[in-house]
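The block underneath contains the structure these notes are about, expressed in structure tokens.
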Amino acid sequence: MSTKTSPSIRVRFAPSPTGYLHIGGARTALFNYLFARKHGGTFILRIEDTDRERSTQPAIQAIFDGLRYLGLEWDEGPGKEGDFGPYFQSERLPRYTRYVDQLIQQGKAYRCFCSRERLDELRQRQSAAKDRIQYDRRCLQLSMDDSDRRAKAGEPFVVRFRVPEGATVVDDLIRGKVHVEHKEIEDLIIQRGDGTCVYNFAVVGDDHEMGITHVIRGEDHLSNTPKQVLLFQALGFPVPSYAHIPLILAPGGGKLSKRHGAVAVTDYHEKGYLPEAMINFLVRMGWSFDDKQEIFGLPELIEKFSLEHVSKSGAMFDLKKLEYLGAYYMRQRSVGDFVQLAIPYLRKAGFVREADLERERGRIEMMLELAKSRVACVSQIVDEVRFFFEDPAILDEGALKVIRKHKEALPLVEQYAAKVAAAVPEEAWRPGQPAVLEAQARELIATQGAQLGDLAQPLRAVLTGRSATPGLFEVMSILGRAACLRRLAKAKNFFGSA
RNA sequence: GGCCCCAUCGUCUAGUCAGGCCUAGGACAUCGGGUUUUCAUCCCGGUAACAGGGGUUCAAAUCCCCUUGGGGUCACCA
């Protein structure tokens with residue numbers, strides 16, 4: 001499989017289960033997965049559920065479902081206990097208080113007794129004065145004795161990390177050296193009033209204890225990184241490598257949100273986008289291989305992926321590109337596959353009932369074969385085959401145009417109906433065998449000196465209510481004799497109303 | 001607003017690190033043509049970009065600086 005093997009590489013995808021699995025999160029997971037597989041490393045899933053207010057069980061499930069849908073199996077994580085569990089951050093939190101105590105002992109952290117009110121006030125003042133919005137280190141002045149006494153007396157406090165003097169350089173694998181002055185960083189809270197640790201501290205503990213070697217995450221975490229690096233150093237832990245990948249932007253630029261349509265991977269799953277299409281789509285937002293190849297399957301990506309080819313600028317979400325990829329991969333699938341995928345959608349649409357499935361199977365497979373190359377995701381099949389199940393009540397816009405253009409074609413259509421009715425009995429009418437029907441049409445137009453289109457187009461409009469369908473005679477053969485003649489009998493209504 | 005990141009066709013990008021091979025390549029979208037009973041597919045072709053300004057250099061899309069623009073981040077959220 002992979003040429004280089006570095007069993008020591010360990011990466012994690014660490015989503016917080018608030019809401020849904022965002023498409024950007026899925027791409028982060030993908031990049032982590034590819035990096036791990038490429039280097040023979042370990043891909044870990046860690047659920048960062050420490051925000052008790054917002055973390056939900058459905059959101060956790062959505063993460064599992066989303067990753068499985070995309071085929072990104074984790075090596076360690078919930079349901080796959082390894083030697084570095086637990087894999088829910090909430091269960092790991094208690095173990096980090098000792099690190100906090102250690103830091104306090106060493107003078108690298110201190111208790112802060114400031115009230116939220118004072119902090120709010122301070123922020124307001126700084127904001128009004130256009131100063132840096134930062135804690136003023138008032139409690140750093142407290143003596144250890146004072147601090148201990150007040151804590152013992154039960155006075156509420158948080159613990160802050162004492163940011164040292166100097167500057168930190170993060171050597172990001174994608175961005176290069178990112179230089180930050182420590183005076184830009186405030187003494188961040190690492191332990192809350194209730195004794196639990198805050199995210200920035202917990203990730204450091206988690207990443208260290210889980211042996212994470214490479215942190216691959218969204219660029220929105222870039223400004224957190226110097227703080228975390230400082231924490232690693234204060235704790236005496238080795239600092240992992242970082243790679244901050246660009247964000248996925250909304251079509252107009254800016255943050256991609258529900259306002260722009262589906263952003264949750266489960267949405268795409270439900271719509272029936274093929275996982276291979278999603279993978280290809282996601283990976284190409286921010287990563288490329290060369291100036292030739294656009295189509296990549298997961299195994300090939302594992303071989304070809306590299307962080308060096310991840311771009312630095314944000315990528316706008318382009319639904320058209322997804323649709324293209326969706327349609328492309330749909331065409332690659334076998335008819336058998338497609339039938340399996342499509343039937344649930346047909347049943348949901350009420351087109352087939354369980355009881356009729358076996359009897360109808362042949363016809364259904366034929367119509368799905370015709371429709372397969374015309375959809376970008378499985379759910380689109382419903383509108384694509386609707387006319388097979390429902391007689392058209394009205395004509396769509398295109399069909400209306402066709403009828404108007406062929407106003408004088410009604411007699412031709414009716415002659416064809418009569419001719420077919422006479423010449424093609426039920427036994428000769430075989431689904432999937434359009435030749436008889438086409439022969440009848442060609443015979444007729446030959447006697448009238450017309451083009452095939454002069455008959456076929458209005459015929460299609462009347463039979464399906466549409467101007468665009470798969471091959472007309474194939475459609476007719478599948479539709480069946482009774483349905484065709486029934487629909488054709490209504491031809492003059494459509495011509496009359498057009 | 002402070003700090004950080006980014007900047008090639010409408011979009012995703014190749015080329016930038018190791019300056020010349022770039023009259024800037026590909027894909028999506030778009031426009032035109034071919035095939036076809038329509039549509040889709042498929043094939044052929046077109047339009048379309050180095051944000052602006054200064055440097056450095058024999059030579060800059062590529063290196064440096066400034067400007068502009070976009071994004072991120074500044075919580076007892078993660």
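Below, chain A is the first sequence line, B the second, and so on; all start at residue 1.
- No donor-acceptor pair under 3.5 Å is formed between the side chain of A:Arg98 and the backbone N or O of A:Asp101.
- When the C1' atom is compared between B:G19 and B:U56, the two are found 11 Å apart, to the nearest whole Å.
- Which of B:C12, B:C28, B:A40 sits closest to the side chain of A:Ser373 comes down to B:A40.
- Applying the 3.5 Å distance criterion, the base of B:U41 shares no donor-acceptor pair with the side chain of A:Arg331.
- Separation of the C1' atoms belonging to B:A14 and B:U73 is 31 Å when rounded to the nearest angstrom.
- Applying the 4.0 Å criterion to OP1 and OP2 of B:U38, one finds that A:Thr469 has every side-chain N and O outside that range.
- Atom CZ in A:Phe473 sits about 11 Å away from atom C1' in B:U38, given to the nearest Å.
- Among B:U37, B:C12, B:A29, the nucleotide with an atom closest to any side-chain atom of A:Gln457 is B:U37.
- Without hydrogens or angle criteria, A:His182 side chain to A:Pro164 main chain gives a donor-acceptor distance under 3.5 Å.
- Ranking B:U37, B:A7, B:C4 by closeness to the A:Val180 side chain, first place goes to B:C4.
- The CD atom of A:Glu474 sits 14 Å away from the P atom of B:U38 (whole-angstrom rounding).
- Applying the Watson-Crick and G-U wobble criteria (two distances, each under 3.5 Å), B:A40 pairs with nothing in any strand.
- The cationic group of A:Arg27 lies under 6.0 Å from the six-membered ring centre of A:Phe31 and within 45° of the ring axis, placing it in a cation-pi geometry.
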Point to revise | Protein proximity profile, nucleotides 65-78 of chain B - base contact B, sugar-phosphate-only contact S, no contact -, cut-off 4.0 Å on heavy atoms | key: ------SSSSSBBB
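- Here the side chain of A:Val178 is nearest to one of B:C6, B:U38, B:C5, namely B:C5.
- Remark: the separation of the C1' atoms in B:A75 and B:C64 is 39 Å, to the nearest Å.
- Across the protein-nucleic acid pair, A:Glu294 atom CD and B:G25 atom P stand 15 Å apart, rounded to whole Å.
- Separation of the P atoms belonging to B:C65 and B:G15 is 22 Å when rounded to the nearest angstrom.
- With distances taken from any side-chain atom of A:Arg442 to the nucleotides B:U11, B:U37, B:A7, the minimum falls on B:U37.
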